[in-house]
Number of protein chains: 2
Amino acid sequence: MPKQIASEVEKSLRQRIAAGEWSHDGQLPAERDIAKEYAVARNTARRAINALVDEGVISRHVGRGTFVRPADEVDMNDILQRVTGVSPTDMMTVRRLVEPQAAAIAVTMASASDLDAIVEAHEMAKAERDPAKFEYWDAQIHHRIFKAARNELLMSLHDILRVIRNRDPWIELKRKRFSEERRLGYCAQHEDIVRMLKDRDAAGASDAMLVHMNAIEMNLFGRLN
Amino acid sequence: MPKQIASEVEKSLRQRIAAGEWSHDGQLPAERDIAKEYAVARNTARRAINALVDEGVISRHVGRGTFVRPADEVDMNDILQRVTGVSPTDMMTVRRLVEPQAAAIAVTMASASDLDAIVEAHEMAKAERDPAKFEYWDAQIHHRIFKAARNELLMSLHDILRVIRNRDPWIELKRKRFSEERRLGYCAQHEDIVRMLKDRDAAGASDAMLVHMNAIEMNLFGRLN
DNA sequence: CTAATATGAACCAATGATGAGCCAATTATC
DNA sequence: GATAATTGGCTCATCATTGGTTCATATTAG
């Protein structure tokens, strides 16, 4: 048998990868360059490289190059990454699903100071005519209602929704659809919600929040989904 | 720099933004100027910039320019940190809030093949007596119901719940509380849910899911919250 | 000699970079 | 208010790089 050049190259490459020689950006030299470096034919270098691909040590992409395989972790980060790109309609469906119930829970869980905080945000929103600042206090109202529900996970989920809403496509959408008339509508709806919370009326708070959600959806899309 | 120029530019821009180079008025140079500065094609600069937009680091507006975005009040990393430590009771509250409604949405959105997939998972769960494998198919049933609702965000939220439930404290809790009797109870509840889905009965599916959630909560904590 | 391996060359297909052009939204100017 | 300049949004054709594949030929161990 002829000399096993390919497996020699393979062994060498494996060592160099393990040593972290290309861990900077994870990219190995091009097939042709590796062949040149080891002074072997491209096909020989190729077989060595292919062996490593089969082992799962590296991965290759036509036109891009060969890369050290990053340890793949399918976890929360991936989910959050995906979450940031969801469509406004999907988002509103979820808000309509979650917020009324959060309000209902808040009715039973809120302390007096929780309610005060909500009322305060509502008063600030009512007094504010600058769209951006109104927007802030509007968000605060909702945030404080979730906080009043005293459920860490629920609050975190709401925070996720907020982060999404603070991203570009949303800001544009909201900016274009904003008007004084709508601001007043929102304030009136907030008023209803706050009253139901203070009355400790769970069903009423839930209903009032749903009305509010529907109003937002109408303003954003001109229809309900 | 023959390859991956865009990501090099992206990295550089990210650093300069973090260093506060444009924090004065928050406005970055025009796309065309950035391209000129890095001596790359406009499309290349554009790709780098787009990557940063996708990350939410900057925002762009036609005719106005590109701007660094103020750091989110709450950023995803904080949320992630908080979310992973939530208590089982908070988690169950959220599940009880979300899952019945997801089932109701699934009723209206599910395609025939979505329903088939759910039925399949249910059949697998019924046939499986090994706790770990039953657990897997049980999770699949719920996952496929969320998938059938055809809402990306909703699915992602469910993914988050799953990740939390797969963390250590939960696994212990579930293992201790598992019994053949309870497995049969869960199967019967799944049966009801699946039937309602097939009957396209939104209220029924929601109710059946709520019954299931309450059963889980009873098994875990010996009481409802 | 034979079989397995190595070689070198050619061509294909996917990807990324480039440069140019045009459009649409916004802002500045008159 | 109308107009021009600026800026991001988008498409296209072209080129270079890179892995994917095949084939004829040379080399070497058994």
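All chains are named by letter (A, B, ...) in the order of the sequence lines, taking the proteins before the strands, and each is independently numbered beginning at 1.
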(message) How many whole angstroms separate atom CG of A:Leu28 from atom P of D:dG19?
(response) 9 Å
(message) Below 4.0 angstrom, which residues in residues 12-20 of chain B have at least one non-hydrogen atom near DNA chain D?
(response) none
(message) Please evaluate residues B:Arg82 and A:Ser156 with respect to the criterion side-chain hydrogen bond (donor to acceptor under 3.5 Å, both in side chains), reporting the C-alpha separation (whole Å), side-chain torsions for both, the decisive distance (0.1 Å), and the verdict.
(response) CA-CA 7 Å; B:Arg82 260 186 302 133; A:Ser156 294; 3.3 Å; yes
Tabulate protein N/O versus nucleotide N/O from nucleotides 8-13 of chain C, keeping only pairs under 3.5 Å, one per line.
from  : atom 1 : to      : atom 2 : distance (Å)
C:dG8 : O6     : A:Asn43 : ND2    : 2.4

(message) Using whole Å, what does the distance between atom C1' of nucleotide C:dT5 and atom CD of A:Glu10 come to?
(response) 15 Å
(message) I need the CD-P distance between A:Gln27 and D:dG19, as an integer number of Å.
(response) 8 Å
(request) Using the test side chain to side chain donor-acceptor pair (under 3.5 Å), find all partners of A:Arg182 that sit at least two apart in sequence or belong to another chain. (result) A:Asn219
(message) I need the CG-P distance between B:Asn50 and D:dC10, as an integer number of Å.
(response) 8 Å
(request) State which residues pass side chain to side chain donor-acceptor pair (under 3.5 Å) with A:Asp138; sequence neighbours excluded, sorted by chain then number. (result) A:His142, A:His190
(request) Starting at atom CD1 of B:Ile34, determine the distance to atom C1' of C:dT18, rounded to an integer number of angstrom. (result) 18 Å
(message) Out of the candidates B:Lys11, B:Arg14, B:Arg69, only one should pair with B:Glu55 under the salt bridge (charged side-chain N to carboxylate O under 4.0 Å, His left out) rule; please name it.
(response) B:Arg14
(request) Would you mind reading off the distance between A:Arg60 atom CZ and D:dT17 atom C1', rounded to a whole angstrom? (result) 14 Å
(request) List for me each residue that meets salt bridge (Lys or Arg N to Asp or Glu O under 4.0 Å) alongside A:Arg183, sequence neighbours excluded, and say none if there are none. (result) A:Glu180
(request) Could you tell me whether the phosphate oxygens of D:dG8, OP1 or OP2, come under 4.0 Å of any side-chain nitrogen or oxygen in B:Thr66? (result) yes
(request) Report the residue (B:Ala45 or A:His61) whose heavy-atom-nearest nucleotide on DNA chain C is the more 5′ of the two. (result) A:His61
(request) Please list, chain by chain and in numerical order, all residues satisfying salt bridge (Lys or Arg N to Asp or Glu O under 4.0 Å) with A:Lys147, sequence neighbours excluded. (result) none
(message) Applying salt bridge (Lys or Arg N to Asp or Glu O under 4.0 Å), can you list everything that pairs with A:Glu128, at least two apart in sequence or on another chain?
(response) none
(message) Tell me every residue that passes side chain to side chain donor-acceptor pair (under 3.5 Å) with A:Arg195, counting only those two or more places apart in sequence or in another chain.
(response) A:Asp192
(request) Determine: side-chain N/O of A:Thr44 to OP1/OP2 of C:dA6, distance under 4.0 Å, yes or no. (result) no
(message) Nearest whole Å is fine: how far is D:dT6 C1' from B:Phe67 CZ?
(response) 12 Å
(request) Please determine if a side-chain N or O atom of A:Arg64 lies less than 4.0 Å away from the OP1 or OP2 oxygen of C:dT15. (result) no
(request) Take atom CD1 of A:Ile58 and atom C1' of D:dG19, then tell me their distance rounded to the nearest Å. (result) 12 Å
(message) Among residues at least two apart in sequence or on other chains, which ones pass side chain to side chain donor-acceptor pair (under 3.5 Å) with A:Glu120?
(response) A:Arg144
